[in-house]
Protein chains: 4
Amino acid sequence: MTAADPPAANRRPGRPRDAATEQAITRAARELLAEQGVGGLTMEQVAARAGVAKTTVYRRWPSKVELAVHAVAATFDTIDAGDRGSLAADMRAGIDEAARLLREPSTGGAYAALLAESARDPEGVGRAVRGSLSTRLHALVSQAVERAIGRGEIRPDMVDVDLLADVVVGAVLHRALATGEPDAAFVDALIDLLSDVAYARLLLAKRQATNPLRTQPG
Amino acid sequence: MTAADPPAANRRPGRPRDAATEQAITRAARELLAEQGVGGLTMEQVAARAGVAKTTVYRRWPSKVELAVHAVAATFDTIDAGDRGSLAADMRAGIDEAARLLREPSTGGAYAALLAESARDPEGVGRAVRGSLSTRLHALVSQAVERAIGRGEIRPDMVDVDLLADVVVGAVLHRALATGEPDAAFVDALIDLLSDVAYARLLLAKRQATNPLRTQPG
Amino acid sequence: MTAADPPAANRRPGRPRDAATEQAITRAARELLAEQGVGGLTMEQVAARAGVAKTTVYRRWPSKVELAVHAVAATFDTIDAGDRGSLAADMRAGIDEAARLLREPSTGGAYAALLAESARDPEGVGRAVRGSLSTRLHALVSQAVERAIGRGEIRPDMVDVDLLADVVVGAVLHRALATGEPDAAFVDALIDLLSDVAYARLLLAKRQATNPLRTQPG
Amino acid sequence: MTAADPPAANRRPGRPRDAATEQAITRAARELLAEQGVGGLTMEQVAARAGVAKTTVYRRWPSKVELAVHAVAATFDTIDAGDRGSLAADMRAGIDEAARLLREPSTGGAYAALLAESARDPEGVGRAVRGSLSTRLHALVSQAVERAIGRGEIRPDMVDVDLLADVVVGAVLHRALATGEPDAAFVDALIDLLSDVAYARLLLAKRQATNPLRTQPG
DNA sequence: CTCTAAACGAGACGGTACGTCGGGTCTTGTG
DNA sequence: CACAAGACCCGACGTACCGTCTCGTTTAGAG
């Protein structure tokens with residue numbers, strides 16, 4: 001084997017980056033996002049507020065969008081996705097978390113803006129947004145389902161996790177930005193709806209029957 | 001005596017606006033939106049392509065955002081919300097329409113961008129977006145439900161129309177922009193999910209029972 | 001002879017122009033000129049303040065510059081060029097008048113601006129400016145000289161009226177706009193200078209001599 | 001020890017300005033001024049012709065007027081104010097220079113336009129115009145006089161330099177823009193006039209007399 | 001204890017679009 | 001015709017960000 005310290009091997013030459021700088025930028029970005037929304041998140045302002053040169057910001061995040069993704073992701077770090085013991089509890093907790101985050105105009109608006117950017121550049125921005133943001137929102141639902149499967153509460157074939165996640169996240173997002181507040185009543189109603197789905201499927205599975213209301217496409 | 005002329009009564013003074021101009025702008029805006037997304041929707045470009053002075057555009061739409069709303073709304077004019085005869089058919093048609101529109105990156109992206117703007121200015125932009133866009137997407141679902149109520153297929157108390165609409169539109173939107181394509185399989189799965197809700201509720205109503213899976217909010 | 005009223009023969013068909021309108025425009029133009037200088041003299045503002053449509057202004061003065069000429073000329077209508085009885089008194093009065101007019105920043109500035117326009121369009125604007133403005137300023141000097149010649153105070157070959165006028169008007173104008181105030185001391189000094197010219201010429205004429213200080217050009 | 005480096009001491013931080021850029025702008029401004037007068041001196045055009053972003057122009061000259069001042073001043077850099085050996089020669093040279101510059105419609109017109117602007121903003125524009133332009137035209141006369149005083153040709157109390165300068169510059173300017181060409185004959189006549197002033201004053205000084213034509217202000 | 005390589009602050013730079021202002025023309029309906 | 005009202009084209013204004021660049025100045029480990 002060659003020399004030594006594999007962890008220190010990737011030590012890059014030159015002056016190392018200042019960790020405080022990174023924090024200052026992140027903090028400034030989050031503050032601006034919260035105060036003025038996506039439109040207020042300008043590289044110029046971020047640099048100024050962080051007390052940092054624009055170059056320094058660009059050295060870390062190659063474009064404004066990526067910084068925005070980072071800033072929103074930082075907000076998502078507050079997500080609590082702990083195990084609540086049951087599917088119902090986990091689902092409620094997950095939906096509550098989603099509503100809490102997206103209800104905030106700056107966060108909800110920023111997420112929507114980044115989704116819009118994703119549409120323009122699915123490979124670049126889209127990949128980043130999905131990887132850092134959408135996935136984490138989806139996880140709020142999918143983790144709950146997976147835990148429930150693990151517990152034996154439901155069977156894997158009974159639920160399309162991806163669909164479920166899109167339904168939950170999409171409904172909360174749209175309610176937050178287009179329709180009104182994703183308040184407690186909304187969350188309750190959404191949970192009831194999902195409960196009814198579960199009820200129907202458990203029943204149908206037990207009876208080995210098919211929902212007669214299901215029609216053929218076309 | 002000749003008939004009265006009510007249309008000429010509210011004639012505004014001054015040179016009337018040129019209808020052709022209005023069309024040219026709308027058309028240019030839609031084209032640019034389709035070709036290059038929201039980012040490509042520039043007042044400068046719109047005016048140039050429409051063969052019109054920038055002032056003329058601003059005279060009609062006081063800002064870029066309002067023009068964008070108009071352009072997306074114009075795209076929504078292609079929505080076919082005819083009566084298909086049954087709730088199931090209407091729902092499928094409505095979801096298909098939503099998917100068709102939002103699947104288009106320019107339209108879906110633009111809608112998301114405008115939702116983002118709504119978060120920054122709920123009174124101004126938000127009101128316009130809701131009035132011209134969100135409402136029309138919701139109508140795809142709510143009309144279907146209302147027709148079904150009219151037909152006696154379902155009872156009004158069995159469904160929260162607003163929730164349902166947010167679920168459908170939100171799910172389609174999020175799938176389109178964040179997760180993947182809202183393709184036929186997705187639409188089918190979504191319809192199945194809704195069918196199961198209906199099944200559960202019809203059953204529970206007949207039995208005068210309550211879904212035991214429903215829990216109390218915590 | 002043909003029909004009637006020769007003075008009314010040039011009666012044009014259609015609705016006659018409103019004299020009050022003309023006055024309102026002139027007044028508005030002068031006010032704006034006085035309040036905000038040439039830069040503040042916009043067709044839009046003039047029309048608005050006169051309570052008149054832009055068309056109406058353009059019907060009378062084909063361009064902004066011509067209106068400006070008219071407005072300054074209207075200010076020049078206050079010139080008092082009465083006979084003071086002697087060359088000295090007339091000259092003093094003329095220079096005082098010039099100083100009074102050009103000292104006013106709006107008038108002096110406007111005159112300078114119109115001279116600038118003249119440089120761009122000597123035939124059109126230039127002709128109008130010369131005809132309505134420069135000539136009248138020159139007259140302040142030339143009338144004095146001509147009266148003096150009439151009285152026999154000086155001989156026509158002793159003075160180049162045009163040069164004299166340019167010297168006086170030019171000096172006052174430049175002092176007003178570039179150097180400082182054309183105050184009483186300045187006017188006095190200018191008169192003294194001209195008096196010395198007259199003294200020299202009278203003396204030289206009497207002696208039938210030539211000023212030895214005059215050198216050959218080149 | 002090596003010599004000190006005072007020039008490098010006051011080095012400003014950041015990327016230094018490109019000298020070539022500055023020249024390109026100046027050149028473009030002068031060309032446009034010469035070709036199309038003040039009206040043709042557009043920030044947009046200057047930037048385009050200089051192959052430079054508009055921002056770059058604004059970084060140096062905060063407004064169009066200041067750039068115009070600079071452009072005219074650059075034209076004034078061609079002034080030759082060398083010592084010709086005698087008051088007469090220096091005066092002739094100075095007047096010729098003034099005539100040469102102001103005869104050019106673009107330069108004369110621009111100078112007039114800037115004087116007009118000075119009237120609107122005496123502190124800002126006015127200061128710049130006086131400092132960069134008027135002073136330099138005045139110097140054509142005042143330097144000649146001061147040299148003459150140095151040589152003993154005339155005595156300081158015999159001439160009001162400021163008045164003289166305004167007379168010369170003003171007369172040339174007004175002749176150029178309002179009356180006709182400041183051609184050779186005009187320059188000669190102006191010089192003759194000034195020569196006669198000198199003659200009168202020398203004579204009166206020698207005789208210790210007063211010009212009887214001088215009257216008291218009234 | 002120098003050498004090297006990168007981080008860093010500062011600010012110039014090219015670019016694109018913004019929304020506004022003003023000039024001058026054209027097009028209505030009404031007096 | 002005159003007139004009011006206002007649409008329309010055009011060109012320029014000055015500003016705001018974007019992302020890139022070029023400087024001089026640290027700051028660390030490597031030799």
Side-chain angles (χ1 to χ4, degrees), chain A residues 8 11-18 21-22 39-48 50-65, chain B residues 8 11-18 21-22 39-47 51-60 62-64, chain C residues 11-18 21-22 39-47 50-65 67, chain D residues 8 11-18 21-22 39-47 50-60 62-64:
Chain A
R11 184 71 181 75
R12 290 186 305 175
R15 175 176 172 179
R17 291 193 178 166
D18 189 340
T21 297
E22 193 130 357
L41 189 71
T42 61
M43 296 305 255
E44 225 105 3
Q45 292 256 318
V46 168
V52 144
K54 251 200 313 178
T55 332
T56 304
V57 182
Y58 275 102
R59 197 171 292 119
R60 290 174 163 85
W61 294 277
S63 84
K64 175 186 158 157
V65 187
Chain B
R11 185 82 179 64
R12 288 192 310 175
R15 174 175 173 179
R17 292 195 177 166
D18 189 340
T21 297
E22 194 129 357
L41 189 68
T42 305
M43 295 306 254
E44 219 106 4
Q45 291 260 310
V46 168
V52 144
K54 244 197 320 177
T55 341
T56 302
V57 182
Y58 277 103
R59 195 171 295 119
R60 282 149 218 263
S63 85
K64 177 184 157 159
Chain C
R11 185 72 177 70
R12 290 184 301 175
R15 174 173 169 180
R17 289 193 179 170
D18 188 341
T21 297
E22 191 131 358
L41 188 71
T42 61
M43 296 304 255
E44 225 104 4
Q45 292 257 317
V46 168
V52 144
K54 253 202 309 180
T55 331
T56 304
V57 182
Y58 275 103
R59 196 171 292 120
R60 291 174 163 84
W61 293 277
S63 83
K64 173 186 160 158
V65 186
L67 176 58
Chain D
R11 184 81 177 62
R12 288 193 309 174
R15 175 175 172 179
R17 292 197 175 165
D18 189 339
T21 296
E22 193 127 358
L41 189 69
T42 305
M43 295 306 254
E44 218 105 5
Q45 290 262 308
V46 168
V52 144
K54 246 199 315 180
T55 340
T56 303
V57 182
Y58 277 103
R59 194 170 296 119
R60 283 152 218 256
S63 84
K64 177 184 158 158

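Throughout, a chain's letter reflects where its sequence line sits, starting with A, and its residues are numbered from 1. Basis for what follows: all heavy atoms, side chains included, without hydrogens, waters or symmetry-related copies.
Contact annotation: A/Thr21 side-chain N/O to E/dC8 OP1/OP2 distance is under 4.0 Å. Taking 4.0 angstrom as the limit, C/Arg60 places a side-chain polar atom (N or O) nearer than this to OP1 or OP2 of F/dC3. Distances shown here put a side-chain N or O of A/Arg17 below 4.0 Å from the OP1 or OP2 atom of E/dA7.
Rounded to a whole Å, the CH2 atom of A/Trp61 is 20 Å from the P atom of F/dC17. In this structure, A/Glu44 atom CD and E/dA10 atom C1' are separated by 12 Å, rounded to whole Å. As rounded to whole Å, 21 Å separates atom P of E/dT20 from atom NZ of D/Lys64. Between the CZ atom of D/Arg12 and the P atom of F/dC23 there is a distance of 15 Å, rounded to whole Å.
Proximity note for A/Tyr58 (side chain, C-beta onward) versus E/dA17, F/dG19, E/dG23: the nearest is F/dG19. Closest contact between the side chain of D/Arg59 and the listed nucleotides F/dG19, F/dG14, E/dA12 involves E/dA12. Considering only side-chain atoms of D/Arg15, the nucleotide from E/dA10, F/dG14, E/dG14 that sits closest is E/dA10. In the set E/dG23, F/dG19, F/dA12, the nucleotide with an atom closest to the side chain of B/Lys54 is F/dA12. Here the nucleotide nearest the side chain of D/Ala53, chosen from E/dC8, E/dG15, F/dC9, is E/dG15. Side-chain proximity of A/Met43 to the nucleotides F/dC13, E/dG9, F/dG19 is greatest for F/dG19.
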Applying side-chain contact (heavy atoms from CB on, under 4.5 Å), run through C/Arg60 and C/Thr21 and close with a yes or a no. CA-CA 10 Å; C/Arg60 291 174 163 84; C/Thr21 297; 3.7 Å; yes
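Of the charged side-chain nitrogens involved, none lies within less than 4.0 Å of a carboxylate oxygen, so that C/Glu22 and C/Arg17 do not count as a salt-bridged pair.
Within 4.0 Å of C/Thr56, counting heavy atoms only, lie sugar-phosphate atoms of the nucleic acid but no base atom. When heavy atoms are screened at a 4.0 angstrom cut-off, A/Gly51 is found touching the sugar-phosphate backbone but no base atom.
Heavy-atom nearest nucleotides on DNA chain E were determined for C/Val65 and for A/Asp18, and the one closer to the 5' end corresponds to A/Asp18. Between B/Val52 and A/Gly39, it is B/Val52 whose nearest contact on DNA chain F lies nearer the 5' terminus.
The minimum heavy-atom distance linking A/Ala47 with A/Ala53 is given by the pair CB-C, 4.2 Å. Heavy-atom minimum distance, C/Val57 versus C/Met43: CG1-CE, 3.7 Å.
Scanning atom types as modelled, one donor and one acceptor separated by under 3.5 angstrom connect the side chain of A/Thr55 and the base of E/dA10.
Remark: A/Thr42 OG1 to A/Lys54 NZ distance equals 9.5 Å, nearest 0.5 Å.
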